[in-house]
Each structure stands twice: as structure tokens, then as C-alpha cells.
Amino acid sequence: MKRFLLFPVIIFLISSCNKGPIVSASFADSLINAYSIQNISRSNDLEMQFWKNRMESQPEGFINEQKYANTLLTRYKMSGDINDVKEADSIVVKTNERFRKTESAISLKLAGYSIMQHKFKEARAYMQHAKETGSRKYPLLLTAFDVYFESGDYDSAAMMLKMIRGNMDYNYQFRLSKMEHLKGAVDSSIHAMLKAASLAESDDYLKQVALSNAADLYVHAGELKKANNLYVECIRLNPADFHSIMALGWIALVHDHNDSLAEKIFSFAHAALKSPDPLLKLAQLAGARNDSSKQKKYANEFVSQATKPVYGNMYNKYLIELYTTVLNNPSKAEDLAKKELDNRSTPQTYAWYAWSLFSNDKTKEAYQVYKSHVSGKPLEGLELYWMGKLMKGIGRGYDAQQFFEAAYKNKYDFTPSTIRDLEKDLE
């Protein structure tokens, strides 16, 4: 009987914390109408030109090149143009070659760039090279945690975390939050991320990144008012924080059911950014409206951008989701999932593969992948939902129910159409 009581209890807990609309339409309107990052952009452009001039007028080195690469990354964060990341990466690669790959700091920098682009094998190679060339211990441990964690080597990541816990600084708290979230300890994860934000002190960028991550965790936990407040704070710190801006649109869509406000926010982001992310949100918005024509239109536009070679594996999860749903091309999803497994083998990526196989009518293979690599491992909401569908499809109703109940705890991570489907499965 306890299994059947869990669902209404979850609904009560989530709904009781978030009554009434949360996102302020007036704040969103003022943000859109008065949007300007000219001061931030102009300052970065001037700095970019300064370091570029130094690169061209002085002998080749490391400092000028690194500083110029940093300005490219800053511009990427404002515009979403992945080519800025590629150029920054290329500059540092050339610097590394000039130094005959003897500078561990350069290798650690390249490991970070590789993680940003979801090149996890390359990141591990750079990290290992930094270790072999005598990197300073603390920066190496931080990068090693990032590489191991993103690659699914959670035991090694935990070992790195233990080795840096004596610092108790921003870097430790930020990574501790990731590990606690992996373990399912959401409250501890939020606490650590907020602690990281408090330790950022005068560094507005680091503070904004931590607060944005804490807001995401509040969304996972169903505490959307707290999430909204942190996203607003992030936007005040950085008007070009489009992750937080689109997150407000998401809350407006999935909680407030204000699809008009969500559309205004997503369209604004689409006009301002060069990345494909807003197109995915617009496709999900159309799905919430049951507008299949626009949903497919935006989904295809997202695919057209996200599959460009310049993005590599960065959007595989979302492409798999679209190929197994609205675009109905599970074979492509299966191919992408295999490719992702070659890049990093984690419980999550194995769940994507199992789901793709199941969607492609390869049920026995899907279940074998689940048993060997997914069962009993930590998963996020979408993977829990997919594994529930797999269990339901093979007639394991009890297991399916457990997955659906676990997935529903992350209700607001899902699109409105997925929420509706999930609630039907839980009836």
C-alpha cells in the first residue's frame, strides 16, 4: 500500500510550496525592453583588442595568448557563439605546441576547454599530461575531479574531493555540491552550492555561476520560488546570464502555465543568442500547446544547428530525446547514444542507450544494457522516466512504478507534455 500512497504525497508537497504564479511578468518585460550589455561587451572588446595587440607586437608567449583566449570565452558567454570557444582552444593548443607541451598549466587549461566542449577523453589526456609534467597539486586535483566526475568515474572523483576538503573554499564547495547531488542528497547539495556562492566574495562571475547552479537544484527539488529568486539575483549580477533568463521562462511555462510569457522570454533569448538552446525551449513550448507543426519546426531547426560538427557531442542528450519523441527517428538516437558511450560511459549515458534501443524496438538488448550498466545506479529525472517506460514496456509494472515515482520528484525538469504522460503512468 505504501507504494500507492507516495504519489499523492509528492503532489501535495510540490504544489503546497508553489501556489500562485512565481515569475514576475513586469520583471521579464523590463529585462527584455531595457536589455543592454553594451557596457559589459564594450569593456570586454577593449580588453580583447588590448591583448590581441600585445600578441601581435610582442614575441609569442603564454600570458598574452591566455588573456586573449579568456576574452573570447567571456564573449561566448554573452553571445553563445561556439566559434569563440574553438578559437580560444586553438590559441592555447598552439601555445602548448610552442612550449613543446612542457607547461602543466597549459595542459590544465586545455583540459577545462575540452570538458566545456564535452571532449572527455581529450580532457583526461590533458589532465594526465599535466600530472606527468609536474603540475601544482591543488589545480591538478580540481581538474582531476572534473574529468573523473564528468566521465562517470565517481570513485576517483570522490577520492579527489577528499584530498581537497582541507581547503573548504569555493572550488571545494562547488564540487562537493555536485557529489552530493549525485548521491541524491539535494538539501546538502544546495547548502554546499550556496556556501560556494558566499565564498566567491567580490567575484561576481563566480558568485553568479554558483547561484545559478543552486537555483537549478531548487528546480530539481520543486522549490520554484527559491529558484526564481536566485535566477533574478543572477540576472542582476549579469544581464547576459541567459541560462537564468531562460530558466525564468521555464518556470513560467511548467508552473505558472503562462505560455505567452514563456514564449516572450524564449523568443528574446533566440534573438540574442547564436546557440541552438532557445530553439529547444521553443519546441518544448509548442509541445505544451499541442502545436505539433511548430513543435516539429523548432525541433528540426534545433537539430540542424546542434548537429553541426563544431558542437561535437555537446547536445547529444537533447538530440536523443527529440529523435525518440517528436521527430520519431530512433535509429539516429541509437547511433548518437553509441557515440556518446564512446565519449563517456556513465549510468546516464547507458540509460540513454537503453532508451534508444527500446525506442528502436530492440527491447531485449535494451533490458540487457539496463541490467548490466544502469540498474541500481544514480540517475537524473529524465533517465528515471525513460527507465520507467522501459520497465513498463517489458511488463515489470512494480519496477516501472518505482521509476515513475522517483522521476516525479523532479517534476519541473520535464516538459508539460512529459509531465502529463508521467501523471497518466502514475494513475
Exercise. For E56, what residues pass the side chain to side chain contact (heavy atoms under 4.5 Å, CB included) criterion, not counting sequence neighbours?
Worked result: K52, N53
Problem set entry | Within 6.0 angstrom of K77 NZ, more than 12 heavy atoms from elsewhere | yes
Seminar exercise, completed: side chain to side chain contact (heavy atoms under 4.5 Å, CB included) filter on T418, not counting sequence neighbours, yields Y385, F414, T415
For this session: Sort and list the pairs that fulfil salt bridge (Lys or Arg N to Asp or Glu O under 4.0 Å) and have at least one residue in residues 307-326, not counting sequence neighbours.
Result: K317-E383
Seminar exercise, completed: Across all chains, not counting sequence neighbours, the ring pair (Phe, Tyr, Trp, His ring centres under 6.0 Å) partners of F302 are Y315
Problem set entry | S304: partners by side chain to side chain contact (heavy atoms under 4.5 Å, CB included), with sequence neighbours left out | none
Exercise. With Y35, which residues qualify under ring pair (Phe, Tyr, Trp, His ring centres under 6.0 Å), at least two apart?
Worked result: F242, F268
Exercise. Counting only heavy atoms not in Y318, do more than 12 sit closer than 6.0 Å to its OH atom?
Worked result: no
For this session: Establish, from distance only, whether the side-chain atoms of Y311 and N316 form a donor-acceptor pair under 3.5 Å.
Result: no
Problem set entry | With H220 via ring pair (Phe, Tyr, Trp, His ring centres under 6.0 Å) - residues at least two apart | H181
Exercise. With distance as the sole test, does T71 use its side chain to make a donor-acceptor pair with the main-chain N or O of Y68 at under 3.5 Å?
Worked result: yes
For this session: Establish, yes or no, whether a centroid distance under 6.0 Å links the rings of Y154 and F149.
Result: yes
Exercise. What residue pairs, at least two apart or across chains, pass salt bridge (Lys or Arg N to Asp or Glu O under 4.0 Å) with a residue in residues 346-360?
Worked result: none
Problem set entry | Set of residues satisfying ring pair (Phe, Tyr, Trp, His ring centres under 6.0 Å) with respect to F120, sequence neighbours excluded | H118
Problem set entry | Contact list for residues 288-300, test salt bridge (Lys or Arg N to Asp or Glu O under 4.0 Å), sequence neighbours left out | D259-R289, E263-R289, K297-E301
Exercise. Does NE2 in H373 sit with more than 12 non-hydrogen atoms of other residues, nucleotides or ligands closer than 6.0 Å?
Worked result: yes
Problem set entry | Pairs touching residues 272-288 that satisfy salt bridge (Lys or Arg N to Asp or Glu O under 4.0 Å), sequence neighbours left out | D81-K274
Problem set entry | Set of residues satisfying side chain to side chain contact (heavy atoms under 4.5 Å, CB included) with respect to P416, sequence neighbours excluded | L253, V254, A288, R420
For this session: Compute whether any side-chain donor of one residue and acceptor of the other, for S359 and S356, lie under 3.5 angstrom apart.
Result: no
